[in-house]
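For clarity, every value in this text was computed on a predicted model and none was experimentally measured.
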Amino acid sequence: MKILIKNGSSVPIYEQIKNEIKEKIIDGIMQEDEQLPSVRSLSSQLKISILTVKKAYDELENEGFIVTRQGLGSFVASDSKELKREEKQKELEEYLTKACKISRILALEKEELYDLLQFIYEEGDNGK
């Protein structure tokens, strides 16, 4: 598994690992029941402490994205579909909030914003 670590980042390394794996799960790059690298092998690959990887895996498990099976390793949770949907919906809400702020700056009427959203939604990928 390829994970990029930014050493100069203000985001802790364990959180960077957690976020990268979470993103791979949400985007469907990692599938349900797919096995993650062992803590030991990922720490060796990234040249970081085992405890750092363990902390990332623990947080992913607490959030419901992975499950750890004693003696077998860590796997993408099979019930992560709802979590994926929730994460994508949060992302959508962030974009819509930003769009609303911009529309207020432009003094766009709500109806104009609705019309624009409807046009973009119905156009789908045809406009790109």
Side-chain angles (χ1 to χ4, degrees):
M1 175 186 327
K2 187 172 183 169
I3 295 179
L4 297 174
I5 300 295
K6 297 174 185 142
N7 289 322
S9 173
S10 62
V11 178
I13 293 174
Y14 79 90
E15 201 167 322
Q16 291 180 50
I17 295 168
K18 179 188 84 168
N19 292 341
E20 287 239 7
I21 293 172
K22 191 191 242 186
E23 190 175 306
K24 289 178 189 315
I25 293 170
I26 291 168
D27 291 345
I29 295 167
M30 294 188 74
Q31 302 297 314
E32 290 182 6
D33 296 321
E34 184 176 333
Q35 187 168 14
L36 280 72
S38 71
V39 170
R40 205 174 288 279
S41 70
L42 187 58
S43 68
S44 175
Q45 175 190 335
L46 298 175
K47 296 176 180 27
I48 58 173
S49 167
I50 289 172
L51 294 176
T52 303
V53 176
K54 173 99 172 76
K55 186 170 185 177
Y57 278 24
D58 287 346
E59 288 205 4
L60 285 165
E61 188 163 23
N62 289 339
E63 292 179 19
F65 284 94
I66 67 170
V67 292
T68 301
R69 299 179 188 139
Q70 192 65 31
L72 296 175
S74 298
F75 299 82
V76 176
S78 59
D79 59 349
S80 63
K81 286 180 184 169
E82 188 58 37
L83 287 172
K84 289 179 187 179
R85 180 176 168 73
E86 185 66 29
E87 287 292 320
K88 284 295 186 186
Q89 188 167 332
K90 257 183 5 188
E91 184 180 351
L92 175 61
E93 289 170 7
E94 290 171 13
Y95 286 121
L96 290 174
T97 299
K98 188 173 182 177
C100 287
K101 286 178 183 176
I102 293 170
S103 69
R104 284 188 199 102
I105 291 169
L106 296 172
L108 219 61
E109 295 292 325
K110 268 197 288 189
E111 290 73 24
E112 291 176 285
L113 179 60
Y114 295 157
D115 289 345
L116 179 59
L117 179 61
Q118 184 175 1
F119 177 79
I120 292 170
Y121 187 85
E122 289 174 359
E123 187 72 17
D125 289 336
N126 297 336
K128 289 186 178 181

### Set of side chain to side chain contact (heavy atoms under 4.5 Å, CB included) partners for Leu92, sequence neighbours left out
Leu96

### Query
Which residues pass the side-chain hydrogen bond (donor to acceptor under 3.5 Å, both in side chains) test with Ser41, sequence neighbours left out?
Ser38

Can you give me every donor-acceptor pair (side chain of residues 48-62, partner residue at least two apart or in another chain, under 3.5 Å) with its distance?
| from | atom 1 | to | atom 2 | distance (Å) |
| --- | --- | --- | --- | --- |
| Ser49 | OG | Leu51 | N | 3.0 |
| Lys54 | NZ | Asp58 | OD1 | 2.9 |
| Lys54 | NZ | Asp58 | OD2 | 3.3 |
| Tyr57 | OH | Pro37 | O | 2.6 |
| Glu59 | OE1 | Lys18 | NZ | 3.2 |
| Glu61 | OE1 | Thr68 | OG1 | 3.2 |
| Glu61 | OE2 | Thr68 | N | 3.1 |
| Asn62 | ND2 | Asp58 | O | 3.4 |

### Task
List in chain and number order the residues that pass salt bridge (charged side-chain N to carboxylate O under 4.0 Å, His left out) with Asp115, two or more places apart in sequence or in another chain; answer none if no residue qualifies.
none

### Task
Name all residues meeting the side-chain hydrogen bond (donor to acceptor under 3.5 Å, both in side chains) criterion together with Lys24; count only those two or more places apart in sequence or in a different chain, and write none if there are none.
none

### Message
If the condition is side-chain hydrogen bond (donor to acceptor under 3.5 Å, both in side chains), which residues does Arg69 pass it with, not counting sequence neighbours?
### Response
Asp33

### Qualifying residues under side chain to side chain contact (heavy atoms under 4.5 Å, CB included), relative to Gln118, sequence neighbours excluded
Glu122

### Task
Check which hydrophobic residues are tied to Tyr14 through side-chain heavy-atom contacts below 4.5 Å, counting indirect links as well, and list them.
none

### All salt bridge (charged side-chain N to carboxylate O under 4.0 Å, His left out) counterparts of Lys101, not counting sequence neighbours
none

### Query
Which residues satisfy the side chain to side chain contact (heavy atoms under 4.5 Å, CB included) test with Glu34, sequence neighbours excluded?
Met30, Gln31, Val76

## Note on the structure
Residues joined to Leu106 in its hydrophobic cluster, side chain to side chain under 4.5 Å directly or through other members, sorted by chain and number, are Ile102

### Query
Excluding sequence neighbours, so at least two apart, what forms side chain to side chain contact (heavy atoms under 4.5 Å, CB included) with Gln35?
Phe75

